Number of protein chains: 2
Amino acid sequence: MASTASQNIATPCAKCPLRELPVFGGRLIDVNVIQAFKIGELTVAPGGTILLEQARASHLFTVLSGWAFRYKTLEDGRRQIINYALPGDFLGLQSSMSETLGHGIEALTDSVLCVFPRDKLWTFFASDTQLAYDVTWLAANQERSLDEQILSLGRRTAIERIAYLLWYLFDKARGLGMTKRNQLDMPMRQSHLADTLGLSLVHTNKTLQRLRKERSIELDDRTLRIINEDALKKLARVDDVENATRPLI
Amino acid sequence: MASTASQNIATPCAKCPLRELPVFGGRLIDVNVIQAFKIGELTVAPGGTILLEQARASHLFTVLSGWAFRYKTLEDGRRQIINYALPGDFLGLQSSMSETLGHGIEALTDSVLCVFPRDKLWTFFASDTQLAYDVTWLAANQERSLDEQILSLGRRTAIERIAYLLWYLFDKARGLGMTKRNQLDMPMRQSHLADTLGLSLVHTNKTLQRLRKERSIELDDRTLRIINEDALKKLARVDDVENATRPLI
DNA sequence: CGTTCCCTTGAGACCGCTCAAAGACCGTGG
DNA sequence: CCACGGTCTTTGAGCGGTCTCAAGGGAACG
């Protein structure tokens with residue numbers, strides 16, 4: 001069905017809509033290099049598995065459209081969402097180059113991913129320094145956002161964590177042009193938020209309501225509206241990060 | 001003093017003691033390449049700052065000897081330790097290649113670090129594919145251990161977190177030959193552990209005692225003894241990771 | 001021998017948890 | 001069109017894990 005159809009209408013890198021975006025401005029790799037690296041596209045439906053937690057990863061992905069998330073689980077079922085992937089995010093590298101994965105990746109919406117062969121990475125590293133550099137840049141930068149997530153989980157209170165997460169996601173989506181005014185379509189359920197924040201579902205719900213009552217956000221079914229961005233940032237104690245452009249693989 | 005003296009006795013890469021270790025076996029970069037990349041050594045005393053939280057990082061480091069840790073702080077002083085660096089660990093890349101740092105690095109013991117110029121990284125990427133590949137490998141692998149830390153903070157209980165952290169550190173040190181039997185010299189104080197685990201100092205102390213009472217560990221002044229490794233791993237729900245060799249820059 | 005740093009202990013408060021159940025919304029089928 | 005089941009959100013009640021505050025004890029060091 002959807003996934004089969006999309007194989008035939010694969011987006012050529014030259015027509016990649018992401019390349020137009022300012023966030024990726026000025027540091028784009030030669031289209032032909034990327035195109036040569038790319039072996040196909042993967043289409044996944046909401047709730048679909050992109051990478052199994054125990055699997056050995058043989059591919060690398062760039063999200064072309066849609067939302068996904070990376071997670072780990074404990075034997076007894078406790079799940080922790082590590083981060084969310086939006087268009088332009090590069091996935092699969094984390095699995096320490098060729099060992100088993102250790103984390104799963106699941107789609108939240110209908111998603112399309114560009115697929116690259118892991119075992120060709122070496123070849124492309126050798127032939128294109130820019131690509132090597134960019135992959136490293138992306139890996140290093142993802143670490144940065146994990147650092148922030150660790151700070152959140154370790155030292156922020158429930159309401160601060162939520163404020164940070166919502167602001168972070170909104171800001172990231174804004175850079176990708178996915179927002180309208182102060183409004184963002186967020187596909188995850190409260191249980192996803194809870195599993196991201198290290199909180200229980202019930203407490204997440206109650207804390208969300210506190211944020212609504214103080215008019216910092218609105219959050220109906222699946223759309224987030226930021227009513228008071230400054231209040232949110234202050235609460236989350238966001239240290240303004242210069243939003244530099246980033247590479248796109 | 002110490003730091004001046006050490007400039008004169010810099011370890012040539014050819015005599016790097018780390019290269020002997022099995023953990024780094026079989027995937028070592030040509031000594032001459034590393035040696036050309038290395039511009040000096042940095043010696044730091046316990047409590048000394050390796051990288052300031054607000055600074056712009058211009059160097060990359062490999063820990064040659066000693067313990068250090070990476071941390072972030074919130075304005076009001078709450079500190080979160082992100083991870084610990086032991087010999088062979090590569091530092092400074094996280095600062096998303098040339099932006100401001102966002103985290104600090106501090107030495108726990110007398111430490112010696114090999115220093116590399118960040119702005120030459122590109123040059124070496126271009127001239128040595130293996131080095132580029134290894135740097136990326138290290139970045140990806142560090143992400144892996146941050147994933148685990150996120151799982152801990154988000155979903156493990158206090159006692160599980162401690163069990164995991166102690167086992168993780170012990171296992172890592174064991175790979176480096178820093179343990180004697182079941183015993184490890186751990187330079188951090190309980191306040192460091194608390195700031196790593198996202199717990200208060202008091203609760204860390206009380207939980208530590210529970211682990212001692214059930215004879216899983218001993219922890220006197222600064223030495224950790226693992227009495228019952230299996231119990232620890234079971235409590236922490238460690239999924240046995242194949243301990244592959246890793247690159248050394 | 002006083003100061004300082006660290007570890008330990010106790011007491012009480014609060015944040016976030018679990019359990020349980022009631023709305024709300026939606027698609028499906030009778 | 002309504003009944004029904006499913007998924008998700010919301011509420012309430014009570015428990016407990018972790019926190020803060022406060023103080024005491026031990027070891028190292030000048």
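Numbers restart at 1 for each chain; the letters A, B, ... are given by sequence-line order, proteins then strands. Source: prediction; values computed, not measured.
Judged by distance alone, the side chain of A:H192 and the main-chain N or O of A:R189 form a donor-acceptor pair under 3.5 Å. A side-chain donor-acceptor contact under 3.5 Å links B:Q142 to the backbone of B:F90.
Taking only side-chain nitrogens and oxygens, B:Q190 comes nearer than 4.0 Å to OP1 or OP2 of C:dT8.
Side chain of A:N205, nearest nucleotide from C:dT8, D:dT9, C:dG16: D:dT9. The side chain of A:K206 lies closest to D:dA13, out of D:dA13, C:dA11, C:dT8. Of the listed nucleotides (D:dC19, D:dT20, D:dT11), D:dC19 has the atom at the smallest distance from the side chain of B:H203. Here the nucleotide nearest the side chain of B:S200, chosen from D:dT20, C:dC17, D:dG12, is D:dT20. When distances are taken from the side chain of B:V202 to each of D:dC19, D:dC21, C:dC7, the shortest belongs to D:dC21.
In this structure, the CG atom of A:L208 is 16 Å from the P atom of D:dC8, given to the nearest Å. In this structure, A:I159 places its CD1 atom 15 Å from C1' of C:dC14, rounding to the nearest Å. Regarding B:M186, its CE atom lies at a distance of 15 Å from the P atom of C:dC6, rounded to whole Å. Spacing between atom CD1 of B:I162 and atom C1' of C:dC7 amounts to 14 Å, rounded to whole angstrom units. Look at CG on B:L153: it is 16 Å from C1' on D:dG17, rounded to the nearest Å. A:Q209 places its CD atom 18 Å from the P atom of D:dC8, with the value rounded to the nearest Å. To the nearest angstrom, C1' of C:dC7 lies 12 Å from CG of B:D220. Atom C1' of nucleotide D:dG17 and atom CG of B:L197 are separated by 15 Å, given to the nearest angstrom.
Using a 4.0 Å cut-off between a side-chain N of Lys or Arg and a carboxylate O of Asp or Glu, A:K233 and A:D230 do not qualify as a salt bridge. Using a 4.0 Å cut-off between charged side-chain N and carboxylate O, A:E148 and B:K72 make a salt bridge.
Among the protein residues, B:R212 comes within range of the sugar-phosphate backbone only, with heavy atoms under 4.0 Å from sugar or phosphate atoms but none that close to a base. Using a 4.0 Å heavy-atom distance criterion, B:L201 is classed as making no nucleic acid contact.
The 5' end of DNA chain D is approached more closely, in terms of each residue's nearest nucleotide, by A:M188 than by the other of A:M188 and B:T204.
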Stepwise side-chain hydrogen bond (donor to acceptor under 3.5 Å, both in side chains) test for B:T196 and B:Y71: CA-CA 9 Å; B:T196 310; B:Y71 64 94; over 6 Å; no
